[in-house]
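Okay, structure first, notes after.
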Amino acid sequence: MSPFFAELAIATNFSFLRGASHAEELVMAAEALELSAIGIADRNTLAGVVRVHAAAKEAGIRLLVGARLVLQDGFEVIAYPQDREAYGRLTKLLTLGNRRAPKGECHLGMSDVLAYGERHCFIAMPPAIPGKDFAGNLALLAEAFPHSVWIGLAPLYRSDDKRRHAVLARLSRETSVPLVATNDVFYHMPNRKPLHDVLTCIREHCTLKEAGFRLSANAERHVKSGEEMARLLADWPEALDATQEIVNRCHFSLDELRYEYPADSFSENETPQELLERLTWEGAREHFPGGISSKLEKTIAHELAIIEEKAYAPYFLTVHDIVREARRLNILCQGRGSAANSVVCFCLGITSVNPVEVDLLFERFVSKDRDEPPDIDVDFEHERREEVIQYIYEKYGRHRAGIAATVITYRSRSAIRDVGKVFGLSEDVVTALSRSTWGWSSAGISVEDAEEIGLDPENPQLRMALKLASELIGFPRHLSQHVGGFVITKGPLEEVMPIQNAAMEDRTFVEWDKDDLDTLGILKIDVLALGMLTCIRRAFDLLDRHYGERMTLANVPPGDEKVYDMLCNADAVGVFQVESRAQMSMLPRLKPRCFYDLVVEVAIVRPGPIQGDMVHPYLRRRSGQEKVDYPKKELEAVLKKTYGVPLFQEQAMKIAIVAAGFTPGESDRLRRAMATFRKSGTIGMYREKFVGGMIENGYEPDFAERCFKQIEGFADYGFPESHAAAFARLAYISAWLKCHYPDVFCAAILNSQPMGFYAPAQLVRDAREHGVEIRPVDVNHSDWDCTLEETGMGKCAVRLGIRQVKGVQEATAVAIERSRAGGFDSVRHFWLRTGLYPRIIERLADADAFRSIGLDRREALWAVRGLGGYASGQNGKMPAALPLFAALEEGGLQREEEMALPAMPPGEHVVLDYATLRLSLKAHPISFLRNRFAAGGVIPNARLKDVEAGRRVSLAGLVLVRQRPGTASGVIFATLEDETGIANIIIWPKLYEKRRRIVLTSRLLFVRGRVQREGIVIHVVADDLEDWTQELGLLSSEDFGEAVIARADGVKYPGHDPRDGNHSKEEQKRLRAARFVPRSRDFH
Amino acid sequence: MMFLFCSDGVPMKGERRIASLWLPFWPIERLYRDLVQRHPKIPERPRALARPGAGGLRITVCDRRAQAEGVEHGQLVPDAMALCPLLELHPADSEGDRKALARLARWCGHYTPWTAADPIGRGGEPDGILLDITGCAHLFGGEEELLSILHRRFSELGLTVRCAIASTPGAAWAVARYSRNTLSIVPLGGEADALRELPVAALRLDRAVVDGLVRLGLKRAGDLYGKPRAPITARFGAEVARRLDEALGFEPEPISPNLPHVPYRASLSFPEGLTQLLHIEEAVRRIADDLCEVLQREQQGARQLELLLFRVDGDVTQLRAGTGRPSHEAAHLARLFREKLAQAGDDFDAGFGIEAITLACLAVEPLSPMQDGFDGNETRLHDLERFLDRLSNRIGQDRVLRLEPRASHIPERAVADVPSLRGMTPAMRSWPTHRDVHRASMLGGSLPRPLRLLPLPEPVDVVAEVPEGPPRIFRWRRIAHKVTRTEGPERIAPEWWRGDRQHTRDYYRVEDSEGCRFWLYRDGLYYRNKEAPRWFLHGVFE
């Protein structure tokens, strides 16, 4: 029989850069050593306790939850609340300390502990040399809380252990504070010492060699068994017994925090359930004006019954309230995710997809078995989400509403970066190592990876660094605020969990993340931002103003043939979710003709279906090339809607249940295991069970493998059907706008930038191709936003807004709008009236915005520079002249010598348009080079459609997008644009390795390759590439004509000047041109 | 057109001729020279320098290999690494670059005394040298010959160089950096023609100004010729006109105001580099003879002297000496430097040889017949320090040592021997005093270890309780000791990151029945290590 011993001073890795073990590991160690109980006390935080709570619950270990309070004067005391009220005081105390300190710190003093310490058990942790300060603080604490304070007695294996223990025992006698045994644990096993040393070095910003005495001398601060502790502290048996007393005194458990929903939004004479039912039926009558079918009625009643049983009504009402407020403020919003499975949510206006229409399953959202609150995510316009957040704060108060935390953990890159530094690896080695992995990978860096980038794999330092870095992956690094996860409580939030300052001023967030809140069943709502909603709202506003059409998300005419025709033609630039290159090539193959086709379209181009190799079977079956059959009859119900091919997350989950024999709970756990921690062990277990189960039930092993692969893919970016439906809805609306009102759509999407896949230049170009007139930025006509100007022909022209001009703020545009009145007639006039600094006006001149005054950009620039404020070192920051002289000035009495400036060649104008506006309405840069290109056999992109498949062609164009999807095994997709259209290029990894530099840096790319066709989708598979960026430099040279002739002779064509020297002339041109043309948008 | 130019206060008549050298790869080539010196066989790899900038580390300069892969100035390091995964990075050291450039400029002093590092570079950093070669070129066979000598010499030093000679520093600067040719000579009065087609950046203007001019279409220097000045000055400041005038020679420009005024100098160059100290001393003696001849003729005595030794590898050793009274005795002056050279002794590094030597008087006084008295202005050394110095000098520096504490838990690594001559290091001040030790043992805190450890721990036979009991009896050097008192264990884990597979040790302080105290340890832990732990004695308390 082992003695009773509870280890009461355990730090997890949420004691950042101190604790060296995960919560689960510590609990496992405690379980293995048969400890009677454990106490978790992280440094001034409760951030890690929920994880320990969950793990301890599963292991059946008694857990004390507390914190190690490290005071400003260095005194350290562990506090364990004895009951719920004391716990509330502890969270309040930590909140107080957090709120008055900068982010990531907690400032506490003894007076604070005395104020909030009632009904706690305190363990004072003595420093290395317990001196007067320690004794003084201990006495204060013991006096304030008699019989509730202990002194922590730890065997540290230092030379003076015995003397130290004697000193502490004397102190204990003098103050009548008993001793309690602990090992002051930092890690679960002695072999974590290396990682603990590495963490110490990261914290101290030093290398292992420099660290010296900052590292601990030995590896003894791990979890030890009761026998071991009894042997080590044989002289103080009472110290072990004391652990039992503390455990007996503290009976608080985190389970007591079970959520009670806020009751604010409800009336007095109705219960929440009654209110919810009333609102739901009202909503139903409104959304189904044609009458409520009996099937619908049954569905609603079913949902309401489950909601009643689980008592979730207040939660639905809370979300409903927020959504209603957003509607009142005229902010567009839409629920996404699994909430779209619920007719109740649809009736309440939280979601805009009718789940009956697409046959969605309510149980995916709320189920009787799963004992966790539903999860409703709502998207709001990204520009106005802040208003919604403010409303929540206002309504529930900052003391009851807070933002959830996100735990930022070490990933491959950050881990090797920090560990590499600690090992003293040079900056370039560390950089090379961290580069050898994709940004978000958590797989670690293997020795093979290191070898690949030219490092010696036998180097022991390198091996150690790589091993420790992979151990470090998954460790929390710091807390940050979640993008939109809100937590709302009934009582004060700070009595439930501690609150911290965020990096942003006046922002706070709670210490727990979404998973923690889930575990404890605390209400949370995701208030997310979506750029497309902003765009749609702006489009609706413009429609109302210029066309008198009042539209909402709900009344966009459904099933419009012209919209589907447009999508089938891959005419989808700017359309939500289906505008990416991969989507655009899918559209003509899938040929969406109804809303559900769009749902499929949105979901199919995702890692899940692609990795599971489900895309092609689906397309074949849909087009009738392949017979629709089901692996087994039992799957027909699951897969009927998608021709027997699983595409959605829930289908894959259903297969696990129906075909592999999982219980619904297991299937859900499988999904979570994939999404959260990808420890090979657990996944392997599920894999066996899944694939094995399916084979046992008579499925083809190949099909089983593919299904499992697909679940793996879903883990990354899986779309459940409901989510796809919510997005498809927005895709349809944006497509409808683009189809019927391209002018409105163009202005709205430009005003919502940055968002989506395409740069303004492509959006403008697309609009022009659809017959929209675009007018240039002009000081006399442009507002900040792009506006519509009526042309009198039933259509509007888009006037580009000042927001397109690089480096100009909104305040500038407002100043211009305000002082415009009768218009400006000279640069000087403009300066005096607007009061803007000349350097700001210079930016407008550069953007060629003075044309209506009769000045081109060069003339305008000359005039601006002449305003003064440049010569005297003020750098163009001179304010306009005093009002007294303004009248005089305005007359332009000063005369200066005439200056003949060289005229700007049109090519340079275009290049400068790109430099200042990121687009040009005058011409496409390539059009100036067309003759040169034609001489080299380069065809315009538009001609591609006449080229037979398999033929070789040469193309050249500006690189719009480079994409390297994780699912395409290293293939790079690039999009080239010339004055006639775009061309899609495929670059295989082999060519990429050979032409790395060209692929990554070219702004103007020349491609020789083979044409590939699939329906109307044309790709060019590159055989070879050349960087022609320097050609762009020609556009700004006056001797352009001359250069063309030289080139036609083929004398200097094409290569670089081999001449010695740093920047050859060609190189200079390249650099200059590269500055002007905007970089491509690159996606991984 | 005739102009008067001033050079270091010495007025000169006639046209001035300036050579401008541009080292386009200066910092990276300097790095290469260092690397090659340290590891003669460095692998061929693209290399670049980087320094923290906006958004992270940014490339400041890269070599040709890296350039060919697309690496360029100002790029973020991760971008550069994506283009060129084998790129080797080194930290940029502009301070070091600047100093080395100044040395290189001084080394050019054996072509002309008026040399200076060019303060204006193409990036923000100086990357060139200006030589005032007025009246010097004929010594090397004319300007063309001088240029090719310079080019050859710099190439031998592993430096890429482009150079130009013109009548103004501005024109030489511009042509060196922007002309198509590696070597150019602008004939007298040809500046305006030479600059006409060069970009305005060649006028050594601020980047913002260049940008503004280019945007207005004034892209070449020639575009500014004959343009009205007032409007341009109003828009870009007076700098534009001034730089143009300087380059074209309408306005004088001194190249380096800080050169010492050297009234007397003599020099000698050698077809083969001198490497032997003996030969160098001999040469110095001969130069001193030449110099003293002139001094004697002019009735002057040297008070301050500077000896410059120009090394073949582009470095200069500079030695200074002063005399108590003015002197023109060649033997005496030469002896002053002989002592300096001897002092340098083994440290003296002639590199690949000394190719030229210059001896210059920095200060002279009319010769006075009186001899100054010798005043004993000796500094007082602490007696012990002086004793240690003398002892060190007598029996050898590395034989008189002090102990310096090192931050390591491992006892034998916690102390290092350092030569006593280096004096008291800051680390030594952290040795605990008697009072510290006493206080620590009363309150807790680590206990003192033996003052001296055995050079190597010696194995002992021990009777002790398993697993962690202290020794009861131990046998050391064949004598058995019965232990009466013990304290411990103090557990010390190995420094795992060194990769040596040591065991964790448990140290015990023990006292035997005779009252002698020892420091023992058990090497390894029971249950955790496979083989049975062994015992060692590591020190004796005195």
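Each chain gets a letter, A, B and so on, in the order the sequences are listed, and its residues count up from 1.
For B:H409 against A:S216, the heavy-atom pair with the smallest separation is NE2-C, 3.7 Å. Listed here is the closest heavy atom pair of B:G217 and A:P902: O-CG, 3.4 Å. Across every non-hydrogen atom of B:L216 and A:L901, the tightest pair is O-CD2, 3.7 Å.
Here A:K209 does not pair with B:E495 in a salt bridge; the nearest charged N to carboxylate O distance is not below 4.0 Å. Between A:E908 and B:R215, none of the side-chain N atoms (NZ, or NE/NH1/NH2) sits under 4.0 Å from a carboxylate O, so this pair counts as no salt bridge.
Listed for the B:R235 side chain is a donor-acceptor partner under 3.5 Å among the backbone atoms of A:W862. Using a distance-only test at 3.5 Å, with no hydrogens or angles considered, a donor-acceptor pair links the side chain of A:N218 to the main chain of B:R491.
With a 4.5 angstrom heavy-atom cutoff, B:S408 touches chain A only via backbone atoms. Contact annotation for B:A48: neither backbone nor side-chain heavy atoms come within less than 4.5 Å of a heavy atom of chain A. With a threshold of 4.5 angstrom between heavy atoms, A:E859 does not approach chain B through any atom at all. Heavy atoms closer than 4.5 Å to chain B are found nowhere in A:E210, neither backbone nor side chain. Proximity to chain A (any heavy atom under 4.5 Å) is restricted, for B:P467, to the side chain, taken from C-beta onward. When heavy atoms are compared at a cutoff of 4.5 Å, A:L156 does not approach chain B at all. At a 4.5 Å heavy-atom cutoff, A:P460 makes no contact with chain B through either its backbone or its side chain. Contacts of B:I410 with chain A are absent, with no heavy-atom separation under 4.5 Å from either backbone or side chain. Heavy-atom distances place no part of A:R857 under 4.5 Å from chain B, backbone and side chain included. Looking at B:R406, only its backbone comes within 4.5 Å of chain A, counting heavy atoms on both sides.
In terms of heavy-atom pairs under 4.5 angstrom with chain A, the leader among B:A68, B:G488, B:P91, B:A50 is B:A68. Contacts with chain B were tallied for A:R463, A:K162, A:R231, A:H165; A:R231 has the most, counting heavy-atom pairs under 4.5 Å. Considering only heavy-atom pairs separated by less than 4.5 Å from chain A, the leading option among B:R509, B:E468, B:K227 is B:E468. Most heavy-atom pairs under 4.5 Å with chain A: of the set B:E487, B:R505, B:R449, this distinction falls to B:E487.
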_Audit row: A:L208, B:R498, side chain to side chain contact (heavy atoms under 4.5 Å, CB included) steps and yes/no_ = CA-CA 9 Å; A:L208 283 162; B:R498 290 177 187 272; over 6 Å; no
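With a 6.0 Å radius and a threshold of 12 heavy atoms from other residues, nucleotides or ligands, A:N191 has its CG atom above the threshold.
Between B:T504 atom OG1 and A:K193 atom NZ the span is 8.5 Å, to the nearest 0.5 Å.
The shortest side-chain heavy-atom distance between B:I492 and A:Y157 does not fall under the 4.5 Å cut-off. Annotation: side chain of A:L215 is in contact with side chain of B:W497 (closest heavy-atom distance under 4.5 Å).
Legend: residues meeting salt bridge (charged side-chain N to carboxylate O under 4.0 Å, His left out) with B:E239, ordered by chain and number and at least two apart, are absent.
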